[in-house]
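Following: one structure in structure tokens, then a few remarks.
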Amino acid sequence: MKLTLTAAATALALSATSAFAWGDMYMGDATNDPNSNFLVHTYNAPNFCPQGLQPVLAGGVVCCGKPNAGAYYNHPGHTRSYSPKFVPGEKGAVYR
């Protein structure tokens with residue numbers, strides 16, 4: 001009898017916790033429109049795609065398709081240099 005009572009109490013506790021957590025789970029992004037037109041860039045690579053298709057870059061993945069945008073260019077060079085300006089006497093600045 002004690003084992004049945006323990007099993008029933010355990011089942012009740014587990015079912016209650018899953019019911020509370022049901023609304024916390026990820027249910028998808030309601031702002032995404034799956035019918036929207038994503039940018040598909042041309043990709044410069046040898047063409048091993050079926051006839052009528054060409055290599056394209058869609059969402060960072062190279063695949064076969066028809067581009068709806070121009071070539072994608074990744075500009076590597078825009079680095080910003082930041083040199084902090086230390087004023088002698090301010091907190092953190094060492095003056096010798």
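Note that the structure is a prediction, hence the values are computed from the model and not measured. All residue numbers in this chain count up from 1 along the given sequence. Hydrogens, waters and symmetry mates are skipped; everything else that's a heavy atom, side chains included, is used.
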- Task: Scan residues 51-68 for pairs that pass side-chain hydrogen bond (donor to acceptor under 3.5 Å, both in side chains), counting only residues two or more places apart or in two chains.
- Result: Asn37-Asn68
- Message: Between His41 (side chain only) and Leu57 (backbone N and O only), is there a donor and an acceptor less than 3.5 Å apart?
- Response: no
- Would you sort out whether Val56 and Cys63 count as a side-chain contact (heavy atoms from CB on, under 4.5 Å), showing the intermediate values? CA-CA 6 Å; Val56 295; Cys63 54; 4.0 Å; yes
- Task: Decide yes or no on side-chain contact (heavy atoms from CB on, under 4.5 Å) for Val62 and Tyr43, but give the supporting numbers first.
- Result: CA-CA 7 Å; Val62 178; Tyr43 187 75; 3.8 Å; yes
- Item | Closest approach of Pro55 to Cys49 (non-hydrogen atoms, all atoms of both residues) | N-SG, 3.8 Å
